[in-house]
Amino acid sequence: MTDTSASPEGSHVAADAVVLDAKGLRALAHPVRVQVVGLLRKYGPSTATRLAERLGVNSGTASYHLRRLGAAGFVEEDTERGNARERWWRSVHRTTWFNTTDLAEREPEATLTYLQSVAALYSLRTQQTLNELQTMPHAWRDTLDMSDWALRLTPEETGALQQELKAVITRYRRDGPESAANAPEGAERVAVITYLLPELDASGDTAGAGTTGTEPS
């Protein structure tokens, strides 16, 4: 939820969040821009050069996407850090909310591109964690979990499950500069990524359906 979340109509949205409209959706409908916003939220203000190094692109490309994000109101110049030779940028918001019920119908192509970019970013973050698994302290390695459950629910039940999961997650300490400074010793950033994926073409035959999960030893 720190980076992006689908929000049904009527959901409570925090003051430091942005709810995507058509303009914002089109601005974020690019994988590099989704990553840029995520990096600024995760690591704080940065320059185009530093972001380019993290993304594996040239600084001109990073600058272009920062300007597009700035025009759409997602990032802004950090004038306290910048100077005549180097421009620093920071994220304007901490979270992004996307209302799928109406906007997706009006902007189908931008919606698909945006959601595919988010899914690709989540996959990348998972792979980065797995690549570091062998050097990760055992206390943290034992907390990693990758599981899926096959359920058979109505749309109403699925919506209720979504709200219950969010309620559990929001009970825990959010990540950010303030929480990092006041967090208990040993606290690190933990990414909680949730998916609710309707599989409408699935057969009614539940034989073989089950639960899979991995917990590294």
Side-chain angles (χ1 to χ4, degrees), residues 1-7 11-21 23-57 59 61-82 86-100 103 110-111 113-129 131-132 140 165-166 169-183 187-195:
M1 183 173 156
T2 302
D3 296 320
T4 184
S5 181
S7 171
S11 293
H12 172 72
V13 177
D16 57 0
V18 56
V19 179
L20 290 185
D21 56 12
K23 177 183 177 182
L25 177 63
R26 290 193 293 269
L28 276 184
H30 193 288
V32 172
R33 291 177 206 155
V34 172
Q35 291 186 68
V36 166
V37 172
L39 288 172
L40 291 175
R41 292 175 180 176
K42 182 176 182 178
Y43 296 109
S46 185
T47 65
T49 300
R50 297 186 181 192
L51 289 169
E53 292 174 353
R54 288 185 179 275
L55 294 170
V57 300
S59 58
T61 297
S63 294
Y64 167 76
H65 289 300
L66 282 166
R67 290 194 300 270
R68 291 293 300 271
L69 289 168
F74 290 103
V75 305
E76 63 185 6
E77 273 197 76
D78 188 345
T79 55
E80 296 179 359
R81 297 173 184 263
E86 194 173 50
R87 299 175 70 182
W88 284 72
W89 299 84
R90 62 188 174 196
S91 175
V92 176
H93 315 96
R94 286 187 62 186
T95 58
T96 301
W97 289 90
F98 176 46
N99 185 333
T100 61
L103 189 54
T111 294
T113 302
Y114 170 65
L115 292 179
Q116 287 177 332
S117 298
V118 171
L121 178 58
Y122 288 169
S123 177
L124 174 63
R125 291 167 66 179
T126 302
Q127 290 299 325
Q128 290 172 336
T129 296
N131 290 341
E132 298 171 0
W140 281 109
L165 290 173
K166 290 179 179 178
I169 294 169
T170 54
R171 292 205 303 262
Y172 288 83
R173 187 182 307 104
R174 291 181 65 185
D175 181 53
E178 301 83 5
S179 61
N182 300 314
E188 301 286 352
R189 190 177 198 268
V190 174
V192 180
I193 299 173
T194 64
Y195 289 98

Practice prompt. Using the salt bridge (Lys or Arg N to Asp or Glu O under 4.0 Å) rule, collect all pairs that involve residues 61-74, keeping only residues at least two apart or in two chains.
Written response: none
Fill in: OG1-CD1 distance between Thr129 and Ile193, expressed to the nearest 0.5 angstrom
8.0 Å
Worksheet item: At what distance, to the nearest 0.5 angstrom, does CG of Leu121 lie from CG of Leu39?
Response: 8.0 Å
Worksheet item: If only atom types and distance count, is the side chain of Arg33 paired as donor or acceptor with the main-chain N or O of Ala27 below 3.5 Å?
Response: yes
Worksheet entry | CZ-CG distance between Arg87 and Leu66, expressed to the nearest 0.5 angstrom | 8.5 Å
Discussion item. Check for me whether Arg54 meets the cation-pi criterion with Tyr43, that is, NZ or CZ under 6.0 Å from the six-membered ring centre and within 45 degrees of the ring axis.
Written reply: yes
Item to complete: Indicate the atoms forming the closest heavy-atom contact of Trp97 with Ala17, along with that distance.
Response: CD1-CB, 3.4 Å
Worksheet entry | Shortest non-hydrogen contact from Ser117 toward Val34 | CB-CG2, 3.9 Å
Worksheet item: Does the pair Val57 and His65 meet the rule for a side-chain contact (heavy atoms from CB on, under 4.5 Å), with working shown?
Response: CA-CA 11 Å; Val57 300; His65 289 300; over 6 Å; no
Practice prompt. Tell me yes or no: between the side chains of Thr96 and Arg41, is some donor less than 3.5 Å from an acceptor?
Written response: yes
Worksheet item: Counting heavy atoms not belonging to Tyr195, are there more than 12 under 6.0 Å from its OH?
Response: yes
Worksheet, complete the sentence: Closest non-hydrogen contact found for Val192 with Ile169 is CG1-CD1, 3.8 Å
Item to complete: Test side-chain contact (heavy atoms from CB on, under 4.5 Å) on Thr194 and Tyr122 and set out the steps.
Response: CA-CA 10 Å; Thr194 64; Tyr122 288 169; over 6 Å; no
Worksheet item: What distance separates Thr49 OG1 from Trp88 CH2, expressed to the nearest 0.5 Å?
Response: 10.0 Å
Worksheet item: Can you check side-chain contact (heavy atoms from CB on, under 4.5 Å) on Val92 and Val18, steps first, answer last?
Response: CA-CA 9 Å; Val92 176; Val18 56; over 6 Å; no
Worksheet item: Does the side chain of Arg174 reach to within under 4.5 Å of the side chain of Asp16, using non-hydrogen atoms?
Response: yes
Worksheet entry | Pairing residues for Ala183 by the side chain to side chain contact (heavy atoms under 4.5 Å, CB included) criterion, not counting sequence neighbours | Arg173, Ala187
Response to the item:
Rounded to the nearest 0.5 angstrom, the CZ-CG distance for Arg26 and Asp21 is 8.0 Å
Discussion item. Below 30° counts as parallel, above 60° as perpendicular, anything between as tilted: where do the rings of Tyr114 and Phe98 land?
Written reply: perpendicular
Practice prompt. Scan Glu80, Glu76, Glu77 and name whichever one has a side chain to side chain donor-acceptor pair (under 3.5 Å) with Arg90.
Written response: Glu76
Worksheet entry | Pairwise side-chain contact, Leu55 with Thr61, heavy-atom cut-off 4.5 Å (strictly under) | no
Fill in: Spatial distance of atom CH2 (Trp89) from atom OG1 (Thr47) [nearest 0.5 Å]
11.5 Å
Discussion item. Pair Thr113, Leu28 - check side-chain contact (heavy atoms from CB on, under 4.5 Å), show working.
Written reply: CA-CA 9 Å; Thr113 302; Leu28 276 184; over 6 Å; no
Worksheet item: For the side chain of Ser63 and the backbone of Ser59, is there at least one donor-acceptor N/O pair under 3.5 Å apart?
Response: yes
